[in-house]
Amino acid sequence: MSSVQLVLDGHTIEMPTGTTIWEAAQRSGIEIPSLCHQPDVTPVGVCRMCVVDVGERVLAASCVRACEAGMEVETNSDRVRAHRRKLLELLLREHPLPCDREQTTADCELEALGRAYGLLAKDATVVVESALPGHSVSESIRRPTDLSSPVIAVDHQACIMCDRCIRACDEVQSNEVIGRTGKGFAAQIAFDLDAPMGSSTCVACGQCAAACPTGALTDRVVTLPLAPRDQLTPVDSVCPYCGVGCAVTFHTAPTAPSPAPPPHQPRLTAEDSHCDPPPQIVFAEGRTSPVNQGRLCVKGRYGWDYATHSQRLTQPLIRREDAYPKGPLSSEVAGSTESRRRKPGGIVDYDEVLPAFREATWEEALDLVANRLLAIRSEYGSPALAGFGSAKCSNEEAYLFQKLIRAGLGTNNVDHCTRLCHASSVAALMETIGSGAVTNVFADVARSDVALVTGSNTTANHPVAATFIKQAAKRGTKLIVVDVRSHPLTDFADHFVRIRPGTDVAFYNALMHVLIREDLVDADFINARTEGFDGLREMVLENYAPHQVASVCGVPVAEIEHVARTIGTAGSMLVFWGMGISQHTTGTDNARCLISLCLMTGNIGRPGTGLHPLRGQNNVQGASDAGLIPMVYPDYQAVTDGAVRDRFSHAWGKPLDDQPGLTVVEIMQAALAREIRGMYILGENPFISDPNLNKVRQALSRLDFLVVQDIFLTETAEFADVIFPASSYLEKTGTYTNTDRRVQLGRAVLQTPGAAREDWLILCDLGRRLGLSMDYATVADVFQEFASLTQNYQTLSHDNLGETGKLWPCPNPATDDGTPILFTEAFPTASGRGAFVPCHYQPAEELPDREFPFVLNTGRVLEHWHTGSMTRRSSALSQLEPAAFAAIHPSDLEVLDITSGDRVRISSRRGEIELAARADRTIEPGSVFIPFHFREAAANVLTNDALDPYGKIPEFKFCAVQIAPCN
Amino acid sequence: MCFGFFVVFRQCQSPELVGFLLLFVVNGMDRVLTDEMVSEIKALFARYPTKQAVTLPALHLVHRELRQVPLEAVVEIAELLELAPAQVQDTLTFYGFFHQGKPHGQTRAWVCRSISCHLRGADNLLEHLCDRAGIQPGQTTEDGKLTVEFAECLGACDFAPCMLAGEKLHPCLTKESIEDFVESLG
């Protein structure tokens, strides 16, 4: 690389050609002030604060001016300082003093420079009268404020038109909401067509407020008033929401002692109350990490106040004698149509459910649970017991939970919500390439020629991962989106292929047909790295010519051929998929097709290639790695393998069940049949998350004994005999493995409220009562035991994860970040080869007909998380998306004579719900989309509990419904 | 860009915006740009290095036809040029040339007030024209026939004082020639 030599403030330095003067100064330890420049976005040189003297007639903006050979640069001469001072004088003249940023986090960059250049007093935000005479912001010229967004405050008067927010929105997050309007004095930033921020297409990610140097865009108060950074305690942790696992810093302050709890709220016991006022999060910000590069979405930045919601459980609860026989307690869970109240926020009314329980001590509650579970075991045998762990819990908790169920209760009936999201993807991946993990990290998309995103509404479900995909698409990666909905990512797509719901196998087989027919496959890779190609070849050539498939999946022949050629001629392709692929009765087949597509084009094991099933929960990867799966122990070691079983039996000191256990939906079906009698549910809420809720209600009511461990009294907990008050994510330390296989340490930010306890301690106490040795000094010791029983985690410990975690496998954690690309040489299968598994197209289990003419699709929205127990108790998120809705195409609404906003009744063969209709052009006519977060109109009342035969995942993405207006 | 409007629609607080977006979302077929305008804009793509570069020509084209660029048209232009609506509106609002919300009159007259014209009595002439039309600079007559504006420089200083009406330059303007101009509007 060529370089240039120049003199910077008297020092001769050498810099690579193209380095800007600003960058050169940074690297030389010289700070050049700037109000518009930020290192991660395009320099624009608009603020002129960073000017330096390069010996020319005018000063040069160092953020855009490249170093030149022989250049002599003065960064802080009198001439330069005089220029900056004049500029500051002009900017400060109409600046509100102090602006919102200075009043809150006390880090207004303009005011800091004002102080540095003697225009403002050093210790207070007042002008030095002699330097800035007559400063005032008269009401007649004061620009407006805009408080229409619940999370971001806008004060146009403090805006200096530096463009940082525009570039944060356009370049970093690729949301493209902010622009400018007007010119000259009338110029200001504008949202969309100059709408109020809260009415614009803003997705409230807060990147603009994080970038803003002044008080023009600031975070609004979520819990406590914002305070200067140096008065707050920063805690580095990881976001509790999706599988992306963004690195976050939470800034906390001590709260005032809490007022007396509301009457129905369990009391704090004296010994458990903390002497110091407990900390509270004041604000959160993105942390630099290979995962998110400082970016966050609305949930991560503003959605953490659920942890201190007044409905937190603070004392163990035992069901009162008079609350038997068991059944639902709240009207929403009972499914009664008469008293269905629709409170804003839609969270459970504790007045309705708490009277069924009494407070208990931990001793009493733990003894009762242990005794009852052991009694069921002795009366009905171990197979009558089952446990649901959670992918929201840490690796350590997942490990302890499955150990408790397997060794303490003697059954492999232990599963978790991965069963409801990527079980089919994992089944297909294990079968074909021998590993269920992603092969390449998502940020690798920057190196892909083509990115294929299918069955994933990425901007809503993995918003920060989506920013990397959008960025890659803008920089030249060809983006192909195959989906039933035209979600926001399709705006960035080179090809958006809208297929009919449930026809993925037919579509991908047709793509493979074209690839084979036109010899666009990678013959070398197929020969060297795979097996079973001939079988697939024969099947797709014979049955899946584009003209045979076009009418099935609703995609014209030419489009199929075009997409296939784009893939076939690309040097590299990375495939992302989500629940649109996995949550079908053909979910495993869908994933097998994507794997075959990558294998035949040689797109595995190289930069910019690979298979990336985007993981939903923050610890789906880790919970699976830790063995919350009925067929395998930690690290996917089969329970049916005698040698493996002996090893775990030895490690845990108990004989172990040699039969694979039941999966989530099978457990519910077994409970309904009274084959499962007792259950332990940790952090899951099957009453909202499982398909066919009317059946789940019966199943949960029939259990002899149910213990629920959670942070709120969830819908599922209404059926419990005992409720353990647990810790929220923000109250404990533990490791979480993100979608990239990155093991990261989440740190305790808050204290558990009242008598609530960290989950791992509850598990250990119960485990001991079940005869297990669970004596760990710290949670790091639990990790150590788990890691020692695996290959992939063996080298890792809490101490060597560092600030940003490690990608497993990581042979040298001391020096290495881990393995971003797997299978560069071979696959971990018996033969070392990847297998093609041909699949025939099969239609969905329940097709629309005259009576139920619409296809129901369920999923998530950006602002909410799964069963809503966290996000609906977050003030910001709940305000942004307060209630249930059904998204329907306007043309269907017209036919049904329904206006957007009207209440509609949607019914399937399994139940009915009432909710508001919302016109949505992204939905294909003939379909309806309902998010499943909302208890008052739970989408899973309608869904079909038919299962994929391999992954045992239910068909959440397809069932037949009818829509009728409510009278 | 439809996703965006779906979001706007559901969170809308301003009544005008609700109206506009209802128009857009519910009756998506009522488009402001005619097929001819769309094909004229598309024909411009080949002449420019990027679609974004067609922003100004497209705005001019629509302005010529509608005598304004309504917000709905901004959204449709953005869709054609694969831009965010904010980007098109950003460019539009930078130029005083473009009307938005209300079309300008059938004839749009600019009286130049830059130095040469100013020295030769442009201010009085502008005032005279406004008096005759019964409007202030920037306004349109009630019958929609005339909009009077002032221009910073028409680049015709050798004919000062001057006025541009539509695409016709009126050189060496006098009160009499203004009378003739007003009468010619009928």
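Sequence lines set the chain letters: A, B, ... in the order given, protein chains first and strands last, and positions in each chain run from 1.
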- Stepwise side-chain contact (heavy atoms from CB on, under 4.5 Å) test for B:V75 and A:L193: CA-CA 9 Å; B:V75 175; A:L193 305 175; 3.7 Å; yes
Separation between [atom1] of [X] and [atom2] of [Y], rounded to the nearest 0.5 Å:
X: B:T93; Y: A:D194; atom1: OG1; atom2: CG; answer: 8.0 Å
X: A:I166; Y: B:D90; atom1: CD1; atom2: CG; answer: 6.5 Å
X: A:R180; Y: B:T91; atom1: CZ; atom2: OG1; answer: 8.5 Å

Does a sphere of radius 6.0 Å around [atom1] in [X] hold more than 12 heavy atoms from other residues, nucleotides or ligands, not counting ones at 6.0 Å or beyond?
X: B:K42; atom1: NZ; value: no
X: B:R47; atom1: CZ; value: no
X: B:R120; atom1: CZ; value: no
X: B:D131; atom1: CG; value: yes

- Query: So which pairs with a foot in residues 115-168 of chain B pass ring-ring contact (aromatic ring centres under 6.0 Å, His included), sequence neighbours left out?
  - Reply: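 Every pair satisfying ring-ring contact (aromatic ring centres under 6.0 Å, His included) with a residue in residues 115-168 of chain B: there are none.
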- Identify, with sequence neighbours excluded, every residue that meets side-chain contact (heavy atoms from CB on, under 4.5 Å) alongside B:T107.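 With neighbours one apart ignored, the set is B:L146, B:A165, B:F181, B:L185.
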- Give a yes or no answer on whether the side chain of A:D192 reaches the backbone of B:A86 with a donor-acceptor pair at less than 3.5 Å.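 It does not hold such a pair.
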- Query: For A:I189, is it the side chain, the backbone, both, or neither that has a heavy atom closer than 4.5 Å to a heavy atom of chain B?
  - Reply: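 Interface part for A:I189: neither.
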- Task: Taking all non-hydrogen atoms of both residues into account, name the closest pair between B:A84 and A:E176 and its distance.
- Result: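 Distance-wise, the nearest heavy atoms are CB-O, 3.2 Å.
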